[in-house]
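Worksheet: one structure, shown below.
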Amino acid sequence: MTKQKTIIAGNWKMNLTAEQSRSLIKELIPSTHSLNATEVWVAPSFPSLYAVQEETCGSSIRVGSQNVHWEAKGAFTGETSPVMLQEFGCSFAIIGHSERRHILGESDQIIAKRVEGALKAGLVALLCIGETLEERENGSTEAVLRRQLEAALMELPKDEAAASKLVIAYEPVWAIGTGKVASISEITHAHQFVYQLVKQMGFAQTIPVLYGGSVTPANFGEIVEIREVDGALVGGASLEAGKFAELIRLGEKRAAR
Ligand code: PGA
């Protein structure tokens, strides 16, 4: 299997003011110089996008948003359109994060629309999927991953153009922000399942699958060695430049093997 670049993506969630975001990205930029096979992505809060875009101009860091609406404009209070995000330098959008699914009640259908809208506008859709603890314990992990993936991807064209604009993040809900990382065998199993399912759905091209959920420099070295892990979506540890830089270094080490 030809490996794509390892993606280390930081999800800053509802943290950091614009000035704090500016400081963090400035601190991080030197760790992204001369990377060979790793891409660094960051998703600041909407109000911090301008500052982060300003600082990352000319660097290899890709900036994205934490959500996106499917329409270009209109009466959608509180939403942000792809074109607005692109104006702020966004090239990707996180979609279907578990906090949006479970705290804010976003349905599979809404998430599917967001994915379609992002792709149509030329943004990369970073689609998050993952089971809750209850779903894992009652044995429905695969059924949940299948439902979430099929809802979001089934209607998309299965051509190279669509596949090259998709990234999937497997994030078990019970591992997000809890310090409880999934085991190597749980991650391997879930990623293999996602890989197979995406292929069965008719996507000819490989779509990168990131792992997310309490990723830190202490556990990522082992996780990134899993063949079906193409990087990480990182919350807490991405808010500290030192930890994020260490994750980038581990990604680069894996990519170089
Ligand atoms: P965490 O968050 O690394 O803090 O667990 C991951 C995520 O929510 O994407």
Side-chain angles (χ1 to χ4, degrees), residues 6-16 20-21 24-25 28 38-46 48-49 52 61-68 90 92-106 111 114-115 118 124-133 135-136 141 144-145 148-149 152 166-184 186-187 190-191 194 207-224 226 229-251:
T6 300
I7 298 168
I8 308 293
N11 173 10
W12 292 355
K13 309 193 180 185
M14 199 176 73
N15 292 300
L16 310 177
Q20 289 166 339
S21 299
L24 177 57
I25 201 75
L28 194 67
T38 312
E39 287 187 10
V40 178
W41 297 17
V42 290
S45 65
F46 289 115
S48 293
L49 281 173
V52 174
I61 299 176
R62 288 177 69 162
V63 178
S65 62
Q66 297 173 17
N67 205 0
V68 62
C90 289
F92 74 93
I94 297 174
I95 298 173
H97 189 276
S98 85
E99 285 143 21
R100 300 221 54 96
R101 290 180 190 263
H102 298 289
I103 303 175
L104 292 147
E106 285 197 12
I111 289 159
R114 294 192 190 281
V115 170
V124 168
L126 201 177
L127 171 69
C128 302
I129 56 169
E131 81 287 358
T132 62
L133 185 59
E135 288 162 340
R136 172 157 289 272
T141 298
V144 170
L145 298 183
Q148 292 176 339
L149 276 177
L166 283 168
V167 175
I168 295 166
Y170 168 62
E171 300 200 296
V173 179
W174 48 273
I176 297 177
T178 58
K180 260 192 243 161
V181 67
S183 71
I184 295 300
E186 285 166 335
I187 300 172
H191 279 237
V194 171
I207 296 172
V209 185
L210 315 183
Y211 170 76
S214 297
V215 169
T216 65
N219 56 40
F220 189 55
E222 208 184 344
I223 295 171
V224 80
I226 302 171
V229 168
D230 300 299
L233 180 56
V234 190
S238 73
L239 295 170
E240 292 174 51
K243 286 190 180 166
F244 202 19
E246 183 57 16
L247 293 173
I248 297 167
R249 201 188 60 75
L250 290 168

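Order of listing sets the numbers, starting from 1, for every ligand and every atom in it.
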Note to self: Regarding ligand 1, does Gly235 bring an N or O atom to under 3.5 Å of one of the ligand's N or O atoms?
What the structure shows: yes
Next item on the list: Say whether Thr178, considering both its backbone and side-chain N or O atoms, lies within less than 3.5 Å of an N or O atom on ligand 1.
Entry: no
Considering only heavy atoms of [X], which atoms of ligand 1 have at least one such atom less than 4.0 Å away?
| X | value |
| --- | --- |
| Gly213 | 5 (O) |
| Glu171 | 6 (C), 7 (C), 8 (O), 9 (O) |
| Gly177 | 1 (P), 4 (O), 5 (O) |

Under 3.5 Å: donor-acceptor pair, side chain of [X], backbone of [Y]:
| X | Y | value |
| --- | --- | --- |
| Thr6 | Thr38 | no |
| Gln148 | Gly130 | yes |
| Arg101 | Cys128 | yes |
| Gln66 | Ala43 | yes |
| Arg136 | Thr141 | no |
| Asn15 | Gly235 | no |
| Arg62 | Trp41 | no |

Next item on the list: Compare Glu99, Gln66, Lys13, His97 and give the one whose heavy atom is closest to atom 2 (O) of ligand 1.
Entry: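 The residue whose heavy atom sits nearest atom 2 (O) of ligand 1 is Lys13.
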Check: Among protein heavy atoms, which lies nearest atom 4 (O) of ligand 1, and at what distance?
Finding: Gly236 N, 2.8 Å
Next item on the list: Using non-hydrogen atoms of the residue, decide whether Ser214 is closer than 4.0 angstrom to ligand 1.
Entry: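 Ser214: in contact with ligand 1 (<4.0 Å).
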Next item on the list: Could you see which bit of Asn11 sits under 4.0 Å from ligand 1, with heavy atoms only: side chain, backbone, both or neither?
Entry: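 Just the side chain.
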